S.K.: 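Quick one: this structure, given as C-alpha cells, is what I'll be asking you about.
What you see is a predicted model, and the numbers here were worked out from it, not measured in a lab. Side-chain atoms are counted along with the backbone in the values below, which use heavy atoms only and exclude waters and symmetry mates.
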Amino acid sequence: QVEMVASGGGSVQAGGSLRLSCVATHPWFSSTCAGWSRQVPGREREGVATIDSRGVTDYADSVKGRITISRDNAKNMLYLQINDLKPEDTAMYYCGTGGDAPFPYCAIAAVQTLGPWGQGTQVTVSS
C-alpha cells in the first residue's frame, strides 16, 4: 500500500522560508516519479514540482526560482524547499508518487497522474 505523509508546514510571514518533508512507505519509491501539489479549499489542485528517479526536476511557472524539490532515495524521503514565501503560497501541500516514467513524462503536465496524495501539511503565509 502506497502512503505518503507530508510534514513541515506552518505559519510564516511573507519573505520567509519553509522546508517540507515527505516520507514514503513503499520500498519502490526510489524508482518512481514523485511530486508536490497544493490545494486551497474550493479551488483545483495545482501541481508545484516533480522529480524523476534520476533527479530531473520540473516546476510550475508560478513557483520557479523560489522552490526546490529534492529526494533522498536511501531514506525514502521527498523534500520541498520554499523560499521568499508569498501569501498566494498559502495552501495545503501534498506529496505523491507515481510510476517509473522519467522526465519529460514525469513533469508538471503529468502531476495529476501521481497519487494517492496522502496526508497534507498546511502552509499559511501572512503579509
S.K.: To the nearest 0.5 Å, what is the distance between CE on Met77 and SG on Cys22?
M.R.: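 SG of Cys22 is found 7.0 Å from CE of Met77.
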S.K.: Are Val5 and Tyr79 connected in a single hydrophobic cluster, I mean Ile/Leu/Val/Met/Phe/Trp/Tyr linked by side-chain heavy atoms less than 4.5 Å apart?
M.R.: yes
S.K.: Donor-acceptor pair, distance only, cut-off 3.5 Å: does the side chain of Trp117 make one with the backbone of Trp36?
M.R.: no
S.K.: Please check if the side chain of Tyr59 supplies one atom and the backbone of Ile69 the other of a donor-acceptor pair under 3.5 Å.
M.R.: yes
S.K.: For the side chain of Thr97 and the backbone of Thr32, is there at least one donor-acceptor N/O pair under 3.5 Å apart?
M.R.: no
S.K.: Supply the atom-to-atom distance Leu85 CG to Ser126 OG, rounded to the nearest 0.5 angstrom.
M.R.: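 Result: 10.0 Å between the selected atoms.
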S.K.: In Å and rounded to the nearest 0.5 Å, what is the CZ to OG1 distance from Arg38 to Thr121?
M.R.: 14.0 Å
S.K.: Any donor and acceptor pair, going by atom type alone, linking the side chain of Arg66 with main-chain N or O of Asp84 inside 3.5 Å?
M.R.: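 Yes.
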S.K.: Which heavy atom of Ala101 sits nearest a heavy atom of Cys33, and at what distance?
M.R.: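 Where Ala101 meets Cys33 most closely, the heavy atoms are O-CB, 3.9 Å.
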S.K.: Roughly how far, to the nearest 0.5 Å, is CD of Gln119 from CE of Met4?
M.R.: 12.5 Å
S.K.: With distance as the sole criterion, is a donor-acceptor pair present between the side chains of Gln122 and Thr90 under 3.5 Å?
M.R.: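 Per modelled atom types, Gln122 and Thr90 side chains form no pair under 3.5 Å.
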S.K.: Does the distance from a Lys or Arg side-chain N to an Asp or Glu carboxylate O, for Lys86 and Asp89, drop under 4.0 Å?
M.R.: no
S.K.: Is there a path of hydrophobic side-chain contacts, each under 4.5 Å between heavy atoms of I, L, V, M, F, W or Y residues, that connects Val48 with Met92?
M.R.: no
S.K.: Which one of Ile108, Ile51, Val111 satisfies the side-chain contact (heavy atoms from CB on, under 4.5 Å) criterion with Asp58?
M.R.: Ile108
S.K.: I'd like to know if the side chain of Arg54 and the backbone of Pro102 have a donor-acceptor N/O pair within less than 3.5 Å.
M.R.: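 Side chain of Arg54 to backbone of Pro102, a donor-acceptor pair under 3.5 Å: no, none is there.
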S.K.: Ignoring hydrogens and angles, state whether a donor on the side chain of Ser21 or Ser7 is under 3.5 Å from an acceptor on the partner side chain.
M.R.: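 There is no such pair (donor and acceptor under 3.5 Å, judged by atom type) between the side chains of Ser21 and Ser7.
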S.K.: Linking I/L/V/M/F/W/Y whenever any side-chain heavy atoms sit under 4.5 Å apart, do Leu78 and Leu80 land together?
M.R.: yes
S.K.: Without swapping roles, check the side chain of Arg71 against the backbone of Phe29 for a donor-acceptor pair under 3.5 Å.
M.R.: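 Here the side-chain-to-backbone pair exists.
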S.K.: So which heavy atom on Ser53 is nearest to which on Ser30, and how close?
M.R.: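 Scanning both residues, the minimum pair turns out to be CB-O, 3.3 Å.
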S.K.: Using 0.5 Å steps for rounding, measure from the CD atom of Glu46 to the OH atom of Tyr93.
M.R.: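 If I round to the nearest 0.5 Å, the distance is 7.5 Å.
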S.K.: Do Val12 and Thr124 come close enough that some side-chain heavy atom pair is under 4.5 Å?
M.R.: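 Heavy-atom side-chain distance check fails, nothing below 4.5 Å.
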S.K.: Between Ser17 and Asn83, does any side-chain donor sit less than 3.5 Å from a side-chain acceptor?
M.R.: yes
S.K.: Checking side-chain contact (heavy atoms from CB on, under 4.5 Å) against Cys106, which of Thr57, Thr113, Thr50 comes through?
M.R.: Thr50
S.K.: More than 12 non-hydrogen atoms from neighbouring residues, nucleotides or ligands closer than 6.0 Å to OH on Tyr105, yes or no?
M.R.: no
S.K.: What's the separation between atom CG in Asn73 and atom OG in Ser31, rounded to the nearest 0.5 Å?
M.R.: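 Reported to 0.5 Å precision, the distance equals 8.5 Å.
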S.K.: Can you tell me if Asn76 uses its side chain to pair, donor with acceptor, with the backbone of His26 under 3.5 Å?
M.R.: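 Yes: the side chain of Asn76 pairs with the backbone of His26.
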